[in-house]
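Some notes on the structure that comes next.
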Amino acid sequence: MPPRVGLPIPGMEVDIRSTGELFCRGRQLFSGYWGLPDATRKSFDDDGWFQTGDTADRDDYGYIS
């Protein structure tokens, strides 16, 4: 079993896309890469979801692995 990261913190939304990649958004998340607007645009979609690049899974209790 992969290690558990835990539950998302309050106010953080997580989405595991069909590819298995973890996306997240919330006020706690950074707003972009300092001085790298192109990298920021590539990492956030139009709805504000941050593409983490991590593969993840969520169990029946909401824990992220």
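Numbers for residues simply follow the sequence, beginning at 1.
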To the nearest 0.5 Å, tell me how far [X] [atom1] sits from [Y] [atom2].
| X | Y | atom1 | atom2 | answer |
| --- | --- | --- | --- | --- |
| Q51 | R17 | CD | CZ | 8.0 Å |
| Y33 | D38 | OH | CG | 13.0 Å |
| D15 | C24 | CG | SG | 10.0 Å |
| I64 | I16 | CD1 | CD1 | 4.5 Å |
| Y63 | D57 | OH | CG | 15.0 Å |

Option passing side chain to side chain contact (heavy atoms under 4.5 Å, CB included) with F44 (candidates D47, T40, D46):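 The side chain to side chain contact (heavy atoms under 4.5 Å, CB included) with F44 is passed solely by T40 among D47, T40, D46.
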
Non-hydrogen side-chain atoms of F23 and E13 separated by less than 4.5 Å: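 Of all side-chain heavy-atom pairs linking E13 with F23, none is under 4.5 Å.
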
Student check: side-chain heavy atoms of T55 and L22 closer than 4.5 Å: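 Contact flag for T55/L22 side chains = no.
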
For [X] and [Y], which heavy atoms make the closest approach, and how far apart are they?
| X | Y | value |
| --- | --- | --- |
| G62 | P8 | O-CD, 3.8 Å |
| Y61 | L7 | O-CD2, 3.6 Å |
| T52 | D54 | OG1-N, 3.0 Å |

Neighbour count >12 (heavy atoms, 6.0 Å) for atom CZ, F30: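 Counting other residues, nucleotides and ligands, CZ of F30 exceeds 12 neighbours.
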
